[in-house]
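We use all heavy atoms of the structure for the numbers below, so side chains are in, but hydrogens, waters and symmetry mates are not.
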Amino acid sequence: MILLLQYMLIFASVLGLVALGGCFSEHSGVINLGLEGIMVLGAMGGALAMKVMPASTPAFFMILVVCLASAAFGALFACLLGVACINFNADQTLIGTAMNLLATAVASVIVRTYNTAHDSSDVSTILAYVDQKKKFLIYFGSFEFSWFMVIALAALIISFIVLYKTKFGLRLRACGENPQAADSVGINVYKMRWAGVLISGVLGGLGGIAYITAGVSEWKFEVGVAGFGFLALAVMIFGQWKPWRIGFAALLFGFFRALSNVYTGIPFMRALNIPSTVYNMMPYIISLVVLAFTSANSAAPKAEGIPYDKGSR
């Protein structure tokens, strides 16, 4: 059960971070379907930072640099969504889908180029960070505690405060509900939407590095992040675009995702003799069920997905 709790919390941390990113973007009025791709690029940035830093680097400095690198790469990639959808009014769904397709290709090329330049015997898309990964972990007996759990909790609290207790949050939400009304009282809708997209890039990038360090000590970027970006969107919708609800939804989805890792260690589940593929599919099945029952009562921002035209009223 300790292992189940451990995996549930780390997967919930990943889903929570990325879902909060989508929450900020959609509250500004921009649908960010490119979270999957942002996770991949953020993970790549963090993994490269771990790769170039020696294992003797102090833990605090290692965590700080890796998180900054992941956030920077995630935000940079999110700029594609901002330029296309905010400045040029492109279709947000198509751009997000294109970003997901582009991300694994870009990450694979960059990592292969890096490996070729530093080790001619390895031109694959794998980055190893065995010793560096240990800096993110603390062991309490048999429980493996990750600092990303703390980062996710802090992000949840800060997101709630920013969205509901600050002028910035009020203006951001106004741009997602009625951008014309927001503009009429002097709010720059374009700037607020850019802020929402960039924040989603930062949080999505952090979610990406949290995901790859949670599982293994090396990562092949061709495989992406196994649909976690889309699961995070389901978490965001189930959480009704509210940070505290997103936290609970992330725990629920994290629990079902964790089952696929630990079901063999639970006697009654092992006795059921259910194929492992069923447990692997469970988080995605749950997401379909949850969305089917909650979409009718959706509290989505009214202007999300609608390009802003300053001349329309």
K.L.:
Compare every heavy atom of Gly201 with every heavy atom of Ala78, then report the nearest pair and how far apart it is.
P.N.:
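Closest pair (atom of Ala78, atom of Gly201, distance): CB-CA, 3.8 Å.
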
K.L.:
Does the side chain of Val18 come within less than 4.5 Å of Leu203's, by heavy atoms?
P.N.:
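In short, these two side chains do not touch, never coming nearer than 4.5 Å.
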
K.L.:
For the ring pair Phe160 and Tyr164, is the centre-to-centre distance below 6.0 Å?
P.N.:
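Close enough - the centres of the two rings lie under 6.0 Å apart.
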
K.L.:
If every non-hydrogen atom of Glu218 is compared with every non-hydrogen atom of Ala128, which pair is closest and at what distance?
P.N.:
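Smallest interatomic distance, heavy atoms only, reads CB-CA, 3.7 Å.
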
K.L.:
Kindly state whether the ring of Phe228 and the ring of Phe11 have centres lying under 6.0 angstrom apart.
P.N.:
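Yes: the rings meet the under 6.0 Å criterion.
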
K.L.:
So does Ile31 get a backbone contact from the side chain of Glu26, meaning a donor-acceptor N/O pair under 3.5 Å?
P.N.:
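A pair under 3.5 Å: no.
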
K.L.:
Which value, rounded to the nearest 0.5 Å, describes the distance between Phe24 atom CZ and Leu198 atom CG?
P.N.:
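That separation rounds to 12.5 Å.
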
K.L.:
In Å and rounded to the nearest 0.5 Å, what is the CG to CE distance from Leu15 to Met8?
P.N.:
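If I round to the nearest 0.5 Å, the distance is 12.0 Å.
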
K.L.:
Do the ring centers of Phe60 and Trp147 come within less than 6.0 Å of each other?
P.N.:
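No - the distance between ring centres of Phe60 and Trp147 does not fall below the 6.0 Å cut-off.
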
K.L.:
Between Asp183 and Val189 (side chain of the first, backbone of the second, donor and acceptor by atom type, cut-off under 3.5 Å), is there such a pair?
P.N.:
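Such a contact is absent between Asp183 side chain and Val189 backbone.
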
K.L.:
Can a donor-acceptor pair be found, under 3.5 Å and without considering hydrogens, that links the side chain of Asn89 to the backbone of Pro307?
P.N.:
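No; zero donor-acceptor contacts below 3.5 Å.
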
K.L.:
Tyr190 and Tyr308: aromatic ring centres closer than 6.0 Å?
P.N.:
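Yes; Tyr308 has its ring centre under 6.0 Å from that of Tyr190.
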
K.L.:
Looking at every heavy atom in both Gly45 and Phe73, which two are closest together, and how far apart are they?
P.N.:
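Looking at all heavy atoms of both residues, the closest pair is CA-CD1, 3.6 Å.
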
K.L.:
Hey, what do you get for CG (Leu68) to CG (Leu206), rounding to the nearest 0.5 Å?
P.N.:
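Here the interatomic distance stands at 8.5 Å.
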
K.L.:
Donor-acceptor pair, distance only, cut-off 3.5 Å: does the side chain of Ser25 make one with the backbone of Val30?
P.N.:
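Yes, because the side chain of Ser25 sits within donor-acceptor range (under 3.5 Å) of the backbone of Val30.
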
K.L.:
Between Gln6 and Glu144, is there a donor-acceptor pair closer than 3.5 Å when you use the side chain of the first and the backbone of the second?
P.N.:
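The answer is yes, because a donor-acceptor pair under 3.5 Å joins these two groups.
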
K.L.:
Considering non-hydrogen atoms only, spot the tightest contact between Trp241 and Cys23 and give its length.
P.N.:
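Closest heavy-atom pair between Trp241 and Cys23: O-SG, 3.3 Å.
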
K.L.:
Grab the two heavy atoms, one from Gln240 and one from Ala299, that are nearest each other, plus how far apart they are.
P.N.:
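Nearest heavy atoms, Gln240 then Ala299: OE1-N, 3.0 Å.
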
K.L.:
Is a side-chain N or O of Ser70 found less than 3.5 angstrom from the main chain of Gly42, in a donor-acceptor match?
P.N.:
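Yes; judged by distance alone, with no hydrogens or angles, the pair exists.
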
K.L.:
Measure the spacing between CE of Met192 and CG of Leu172 and express it to the nearest 0.5 Å.
P.N.:
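Rounded to the nearest 0.5 Å, the CE-CG separation comes to 5.0 Å.
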
K.L.:
Please tell me if the side chains of Phe238 and Ser287 come closer than 4.5 Å, counting only heavy atoms from C-beta onward.
P.N.:
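No. Closest side-chain heavy atoms not under 4.5 Å.
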
K.L.:
Test your reading of the model: is there a side-chain donor-acceptor pair from Lys135 to the backbone of Ala55, 3.5 Å cut-off?
P.N.:
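Pair found, side chain donor or acceptor close to backbone of Ala55.
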
K.L.:
Side chains of Trp194 and Ile86, heavy atoms from C-beta outward: is any pair under 4.5 Å?
P.N.:
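Yes, at least one pair of side-chain atoms sits under 4.5 Å.
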
K.L.:
Which value, rounded to the nearest 0.5 Å, describes the distance between Glu177 atom CD and His27 atom NE2?
P.N.:
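Reported value, rounded in 0.5 Å steps: 8.0 Å.
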
K.L.:
I need the Ser108 OG to Glu222 CD distance, nearest 0.5 Å.
P.N.:
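If we round to the nearest 0.5 Å, Ser108:OG and Glu222:CD are 4.5 Å apart.
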
K.L.:
When you measure from the side chain of Asn32 to the backbone N and O of Val197, does any donor-acceptor pair fall under 3.5 Å?
P.N.:
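Absent.
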
K.L.:
Between Met39 and Phe230, is there a shared hydrophobic cluster once you connect ILVMFWY residues whose side-chain heavy atoms come closer than 4.5 Å?
P.N.:
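The answer is yes; both residues are in one hydrophobic cluster.
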
K.L.:
Go through Trp219 and Tyr211 one step at a time and tell me if the ring pair (Phe, Tyr, Trp, His ring centres under 6.0 Å) criterion holds.
P.N.:
CA-CA 10 Å; Trp219 192 255; Tyr211 175 80; 5.6 Å; yes

K.L.:
May I ask you to test the Ile151-Ser13 pair for a side-chain heavy-atom distance under 4.5 Å?
P.N.:
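SC-SC contact between Ile151 and Ser13 ruled out.
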
K.L.:
Quick check on Phe145: does its CZ atom have over 12 non-hydrogen neighbours (other residues, nucleotides or ligands) under 6.0 Å away?
P.N.:
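Atom CZ in Phe145 is packed in, count exceeds 12.
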
K.L.:
For residues Arg173 and Leu163, report the shortest heavy-atom separation together with the two atoms involved.
P.N.:
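So the minimum-distance heavy-atom pair works out to NE-O, 2.8 Å.
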
K.L.:
Short question: side chain of Glu304, backbone of Gly29 - any donor-acceptor pair under 3.5 Å?
P.N.:
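Not a single qualifying donor-acceptor pair exists.
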
K.L.:
Can you check whether Phe148 reaches Thr213 side chain to side chain, under 4.5 Å on heavy atoms?
P.N.:
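Phe148 vs Thr213: side chains touch.
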
K.L.:
Between Gln132 (side chain) and Met53 (backbone), is there a donor-acceptor pair under 3.5 Å?
P.N.:
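Side chain of Gln132 to backbone of Met53, a donor-acceptor pair under 3.5 Å: yes, one is there.
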
